[in-house]
There are 2 protein chains.
Amino acid sequence: MTSEEIAKLCGVSRATVSRVINNSPNVKEETRQKILAVIKEKNYVPIAPARRLAGIDSNIIGLFVLDIDISDSKSRVSESTYFSQLINLIIDQANNFGFQVLVSIITSQKQLSEIRNLFMSRTIFSGIFIGAFNDEIQLDDDIILQYPTIIIDRQSERVVKRPNRLVVNLDNFEGAYNATQFLIKLGHTRIGHISGDLRKLSGIERYEGYRKALEDAGLGFDKNLVREGNFLDDSGYKLAHDILKENVTAIFCANDVMAISAIKAIKETGLSVPEDISVIGFDNTAIGNYIIPTLTTVNAPLEHIAEECIQSLKYFCKHKHFKQKEIRVRTNLIIRDSTKRALEF
Amino acid sequence: MTSEEIAKLCGVSRATVSRVINNSPNVKEETRQKILAVIKEKNYVPIAPARRLAGIDSNIIGLFVLDIDISDSKSRVSESTYFSQLINLIIDQANNFGFQVLVSIITSQKQLSEIRNLFMSRTIFSGIFIGAFNDEIQLDDDIILQYPTIIIDRQSERVVKRPNRLVVNLDNFEGAYNATQFLIKLGHTRIGHISGDLRKLSGIERYEGYRKALEDAGLGFDKNLVREGNFLDDSGYKLAHDILKENVTAIFCANDVMAISAIKAIKETGLSVPEDISVIGFDNTAIGNYIIPTLTTVNAPLEHIAEECIQSLKYFCKHKHFKQKEIRVRTNLIIRDSTKRALEF
DNA sequence: CTGAAAGCGCTAACAA
DNA sequence: TTGTTAGCGCTTTCAG
């Protein structure tokens with residue numbers, strides 16, 4: 001079934017059918033209705049490649065999950081609840097607005113450099129990148145630079161300024177600051193931090209939020225109370241064991257996954273949460289509700305991130321530029337059972 | 001940059017360039033090398049829609065995650081680790097073989113019926129379906145029937161027989177059977193089962209494996225020891241509370257998510273795992289290792305499922321039919337700390 | 001408001 | 001082994 005056949009059936013030319021399909025206003029309402037009816041009756045769907053070739057942009061967004069880390073062959077960041085939820089939400093939002101999403105998990109430099117081909121071959125018209133390291137320069141590839149691109153979780157100063165580049169970030173600093181401040185208010189003074197991957201903006205900012213909160217409270221910042229993790233469960237587990245040597249009474253973990261495995265480690269040493277050690281996570285993933293004790297955490301509203309991305313893309317399609325350069329999505333603290341007033345209080 | 005320009009640069013015709021791109025053997029090696037060199041130098045990538053229009057099939061696979069369930073507005077099956085891991089693995093495998101994957105989360109009947117458009121518009125050439133209910137007839141849509149389709153976790157008898165339809169299943173029955181048998185060997189006699197969604201094959205088969213193991217062991221099957229769940233944490237939690245009334249000493253849960261929340265429920269009633277109640281899950285998701293006690297479970301090798309899917313698709317592209325009608329992927333029991341010999345032993 | 005015709009970039013007979 | 005040519009199905013000027 002081609003537009004030609006539909007045209008014949010309606011006694012009009014292909015051009016008119018095309019106009020109807022593309023919502024051109026210059027069609028008599030009567031003709032439009034008739035064509036629409038026949039299209040529906042015949043289950044006609046335009047051949048996408050033909051439209052593409054004739055100049056209509058692809059409606060496919062590339063969603064690239066960067067998960068390059070040679071040091072860790074086993075656990076994949078892309079499999080974490082955080083990422084899979086975000087992926088889901090982005091796909092959902094995109095579909096709602098008539099976009100399709102082509103997902104790629106990028107685990108090697110080679111794959112990263114092949115992304116450009118998806119743009120050049122006109123398979124996708126835009127790309128959303130998540131999981132990138134803060135200094136991943138490949139994303140500034142000359143080719144990619146030509147297409148609308150959204151980067152999630154990257155320092156906006158690091159992104160080449162162009163009207164077709166948008167950065168969407170969580171307010172990690174604020175979230176971490178509030179979490180730490182909350183522990184301080186509970187009377188904790190030796191508060192440890194198991195950081196995320198410090199090559200990522202979220203890792204850096206959560207670390208800084210933690211630090212600033214301590215300093216603002218006059219507790220001072222002690223580097224010995226910090227362990228550099230990587231957002232994965234393994235690191236939460238090992239580093240918790242290690243950080244306990246510092247006699248901390250509370251630990252702020254850069255995400256829930258590490259917080260949960262940290263709790264496991266803490267329990268193994270005979271201590272209990274929150275009686276002996278308070279623990280706070282970050283992300284507010286679902287499991288936080290199903291562990292014992294339930295996890296106090298910073299809620300990262302991924303649905304807002306997804307929404308901002310797709311809305312912005314929608315805007316871009318219309319105006320050929322993004323409305324802004326960076327979007328910050330705010331967080332909020334969710335208090336559950338893994339935190340408690342410090343003992344000496 | 002078009003093939004025309006490459007042709008000019010090489011002093012040949014577009015046809016020859018096209019032959020090189022498509023690996024036609026009828027090109028002098030010298031010419032081929034020259035063209036290849038220029039292509040590389042100029043960073044030329046063929047415009048995909050043009051190739052599509054000229055008759056070359058799309059290399060995009062649609063991956064459809066069916067998550068239609070009006071009863072449950074909140075929790076999404078598609079966000080479970082099980083699914084996201086499977087999605088990841090399929091994408092990985094696909095990318096390895098030069099396929100791209102367009103992912104769609106289907107949460108409504110409307111979206112389900114729109115899948116056909118992706119085929120008709122020639123956006124995708126094939127579809128992989130996961131999460132379908134056993135009797136989801138929409139998948140037998142006349143249109144979809146024309147394209148190579150793989151369905152994961154569905155009774156093969158329910159799938160319309162065609163040389164372009166493949167069913168890939170886990171050996172759920174065997175896995176459940178072994179898990180239950182393991183509990184029996186530990187001396188448990190009152191073994192409960194929190195089932196999965198019984199509209200799905202995996203839910204049904206795991207239930208049946210459990211039942212058969214009990215019968216084979218001469219313990220008889222008691223329907224009162226079964227609670228019908230839906231694979232989501234909420235149901236594991238609630239049903240565990242309920243099933244404890246039956247004085248079970250062991251519970252086989254149809255997946256890890258439910259097992260983990262069941263453990264939480266058990267602990268809340270003052271009982272402990274595995275001392276009072278043994279618990280077994282199914283899937284072998286990563287968290288199983290990070291809860292206390294670590295979870296005994298049935299390993300579902302998703303990587304094999306993904307591999308079989310893509311290998312089969314590769315085979316299909318060559319032969320225009322699948323090698324087989326159904327593929328079964330085997331499981332194995334992973335014994336950890338959530339199970340223990342029955343007390344009276 | 002509608003039709004005719006050109007062209008998007010590529011592939012695949014068919015000839016040479 | 002290579003070139004010529006005719007589409008693939010759609011959109012979009014340009015006329016009318």
Side-chain angles (χ1 to χ4, degrees), chain A residues 1-39 42-60 98 117-125 143 317, chain B residues 1-39 42-60 98 117-125 143 317:
Chain A
M1 175 84 11
T2 71
S3 68
E4 174 80 63
E5 305 181 53
I6 296 293
K8 280 226 179 74
L9 250 27
C10 299
V12 298
S13 72
R14 290 185 300 167
T16 304
V17 174
S18 178
R19 288 194 185 94
V20 170
I21 289 170
N22 295 295
N23 291 311
S24 157
N26 306 321
V27 182
K28 209 206 300 177
E29 193 49 30
E30 198 188 319
T31 331
R32 179 192 306 283
Q33 290 311 328
K34 166 141 199 199
I35 294 176
L36 246 22
V38 175
I39 285 179
K42 296 296 177 192
N43 263 318
Y44 165 71
V45 179
I47 304 295
R51 307 185 75 195
R52 303 284 106 84
L53 197 54
I56 297 237
D57 271 350
S58 165
N59 66 337
I60 302 180
N117 294 348
L118 289 174
F119 284 102
M120 293 184 68
S121 67
R122 301 198 199 155
T123 301
I124 61 178
F125 78 99
I143 305 298
C317 287
Chain B
M1 175 82 14
T2 70
S3 69
E4 175 80 62
E5 304 181 55
I6 297 293
K8 280 227 179 74
L9 250 30
C10 299
V12 298
S13 73
R14 289 184 303 166
T16 305
V17 173
S18 177
R19 288 191 187 95
V20 169
I21 289 170
N22 296 293
N23 291 311
S24 156
N26 307 320
V27 182
K28 210 208 301 179
E29 193 49 30
E30 197 188 318
T31 331
R32 178 192 307 281
Q33 290 310 330
K34 167 142 199 200
I35 295 176
L36 246 22
V38 176
I39 285 179
K42 297 295 177 191
N43 264 319
Y44 165 72
V45 178
I47 304 295
R51 308 184 74 195
R52 301 284 107 84
L53 197 54
I56 296 237
D57 271 349
S58 164
N59 66 335
I60 303 181
N117 294 348
L118 289 173
F119 284 103
M120 292 184 68
S121 67
R122 300 197 199 157
T123 301
I124 59 178
F125 77 99
I143 306 297
C317 287

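Here is how names work: the chains are called A, B, and so on, in the same order as the sequence lines, proteins then strands, and each is numbered from 1. Computed from a predicted structure; not experimentally measured.
When DNA chain C is scanned 5' to 3' for any atom under 4.0 Å from a heavy atom of chain A, the first and last hits are dC1(C) to dG9(C).
Side-chain atoms of Ile60(B) and Phe125(B), non-hydrogen and from C-beta on, never get closer than 4.5 Å to each other. Side-chain contact between Ser58(A) and Arg122(A) is absent, with no heavy-atom pair separated by less than 4.5 Å. By the 4.5 Å heavy-atom criterion applied to side chains, Asn59(B) and Arg52(B) are counted as neighbours.
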- Note on the structure: B/S/- along nucleotides 7-14 of chain D (protein heavy atoms under 4.0 Å) is BBBBBBB-
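Here Ser3(A) contributes atom OG and Arg14(A) contributes atom CZ; the two are 6.0 Å apart, rounded to the nearest 0.5 Å. We find the CD-CD distance between Gln33(B) and Glu29(B) to be 4.5 Å, quoted to the nearest 0.5 Å. Rounding to the nearest 0.5 Å places CG of Asn26(A) at 11.5 Å from OG1 of Thr31(A). Between atom SG of residue Cys10(B) and atom NZ of residue Lys42(B) there is a gap of 10.0 Å, rounded to the nearest 0.5 Å.
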- Please report the C-alpha distance between Ile39(B) and Ile21(B) in whole Å, then the side-chain angles of each, then the deciding distance to 0.1 Å, and finally whether the side-chain contact (heavy atoms from CB on, under 4.5 Å) criterion is met. CA-CA 9 Å; Ile39(B) 285 179; Ile21(B) 289 170; 4.2 Å; yes
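Taking the charged nitrogens against the carboxylate oxygens, Lys8(A) and Glu5(A) have no contact shorter than 4.0 Å, which rules out a salt bridge.
Rounded to 10 degrees, the angle separating the terminal axes of the helix from dC1(C)-dG16(D) to dA16(C)-dT1(D) is 30°, with each axis obtained from five end pairs.
Under the ring-ring contact (aromatic ring centres under 6.0 Å, His included) criterion, Tyr44(A) pairs with no residue, sequence neighbours left out. Evaluation of the side chain to side chain contact (heavy atoms under 4.5 Å, CB included) rule for Asn43(A) yields Arg116(B) as partners, not counting sequence neighbours.
Shown for residues 28-38 of chain A: no residue has heavy atoms falling under 4.0 angstrom of DNA chain D.
A distance-only check finds no donor-acceptor pair linking the side chain of Thr16(A) to the backbone of Val12(A) [under 3.5 Å].
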